[in-house]
Amino acid sequence: MNRREFLLSSVAMGTLALAAPQLAVAQDKLTILGSVPSLGFPFFVHMLNQIKAEAQAQGVNLTESDGQNSAPKQTADIEAALVQKVDAIVISPLDVNALAPAIEQAIQAGIPVVTIDRRVDGVEGILAHVGADNVKGGEAEAQAMVAAFPNGAKIFHLQGQPGAGPAIDRNKGVHNVLDPLKDKYQIIFEQTANFARAEALSVTEAGLAANGKPDAIICANDDMALGAVEACAARNFTDVKIYGFDALPEALVAVRDGKLAGTVEQFPGEQSRTAVQIAVAFAKDKTEPKEKLVLLTPIVIGKDNLDKAERLGETK
């Protein structure tokens, strides 16, 4: 071997020596699964974006899962993540009962699970739950309506997807406030619209046809509230006060423009970032969360406090 060949060989060996530790670091980089019920809903698009941003900030890889509004699809995504041996799972389960077996399987495999927005009761070993207190959110929504109608009101109530934790809790919160006041505040029409705008439009149209114009419509999310706005506008019922839940940018614009009376802010971005922080801390060095249950208190956003909305900067 001549001097030139020796030098080239030495450089090559040095390069490999430098590359080896870098390869090891890359292989040691944690991977987490981030799973939401459906990217067909703007709320969950925002939630997954915030999971992605926090994963990047924490220096971990993220496997993204769109449940496509299907419990079997979200279950299959969890099972695939187990095969891939992810280091942690951050999930908002579509259905709290249907997803329980898959989440239990993950825990039994030693993978830490943090739930967001929707709790899964009856499964032991979930590392933490981060969400909003949806019962309090439903109560706040109903209380805002009561304040707007001190002399009483006739109300439509559009409920969320059956089996979904937030739908159950928000419904409970609304009834906690209105049931003791039913002599003055009458729910004359109550039906699920499955958190969907198009379904809320048709459900509200049916309610209006059967019951006439209400004073207010309370909706379990903003998509349904915006669907109700369309239905009322088609009949020129522009004075019906409509309340949503989620504080989506489009809803915030509607509040600003007077089309919605209010929307409930539950801070989904903060929920998502906190959940990822908890999951990564445990995956890295078994750091237990300070609290197993982290619940943010929702607030009602109206024209007077739009600056409190988490996503105000996304409005046009």
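Keep in mind it's a predicted model, so treat the numbers as computed, not measured.
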Examine [X] and [Y] and state if one hydrophobic cluster contains both, with Ile, Leu, Val, Met, Phe, Trp and Tyr joined whenever side-chain heavy atoms are less than 4.5 Å apart.
X: V255; Y: V264; answer: no
X: F245; Y: L296; answer: no
X: L99; Y: I126; answer: yes

What's the spacing between [X] [atom1] and [Y] [atom2] if we round to 0.5 Å?
X: I111; Y: L82; atom1: CD1; atom2: CG; result: 4.5 Å
X: L178; Y: I187; atom1: CG; atom2: CD1; result: 5.0 Å
X: L201; Y: M224; atom1: CG; atom2: CE; result: 13.0 Å
X: N134; Y: I168; atom1: CG; atom2: CD1; result: 10.5 Å
X: F43; Y: M47; atom1: CZ; atom2: CE; result: 4.0 Å
X: K182; Y: I155; atom1: NZ; atom2: CD1; result: 13.0 Å

Which heavy atom of [X] sits nearest a heavy atom of [Y], and at what distance?
X: N171; Y: H157; result: OD1-CE1, 3.1 Å
X: T315; Y: L312; result: OG1-O, 2.7 Å
X: A247; Y: D222; result: N-OD2, 2.8 Å
X: V96; Y: G165; result: CG1-N, 3.9 Å
X: A55; Y: V276; result: N-CG1, 4.0 Å
X: S38; Y: F44; result: O-CB, 3.3 Å

Indicate yes or no: at least one non-hydrogen side-chain atom of [X] is less than 4.5 angstrom from one of [Y].
X: Q74; Y: S35; value: yes
X: L127; Y: K292; value: yes
X: S272; Y: V130; value: no
X: P289; Y: V294; value: no
X: V240; Y: F156; value: no
X: I91; Y: L33; value: no
X: E250; Y: R197; value: yes

Would you say [X] has more than 12 foreign heavy atoms packed within less than 6.0 Å of its [atom1]?
X: E79; atom1: CD; answer: yes
X: K213; atom1: NZ; answer: yes
X: K308; atom1: NZ; answer: no
X: K241; atom1: NZ; answer: no

Practice problem: Using the side chain to side chain donor-acceptor pair (under 3.5 Å) rule, take E54 and Q58 through it: C-alpha gap first, then chi angles, then the decisive distance, then the call. | Solution: CA-CA 6 Å; E54 187 60 33; Q58 294 287 329; 2.9 Å; yes

Quiz item: Does D246 come within less than 4.0 Å of R311, counting only side-chain N to carboxylate O?
Solution: no

Look at the side chain of [X] and the backbone N and O of [Y], then say whether any donor-acceptor pair between them is shorter than 3.5 Å.
X: Q271; Y: Q266; result: yes
X: K73; Y: D66; result: yes
X: D133; Y: L295; result: no
X: D215; Y: K154; result: yes
X: K259; Y: L226; result: no
X: R170; Y: G137; result: no
X: N221; Y: F195; result: yes
X: N305; Y: G302; result: yes
X: N49; Y: V45; result: yes
X: Y185; Y: F149; result: yes

Exercise. Kindly state each residue pair satisfying side chain to side chain donor-acceptor pair (under 3.5 Å) with at least one member in residues 83-101, sequence neighbours excluded.
Key: none

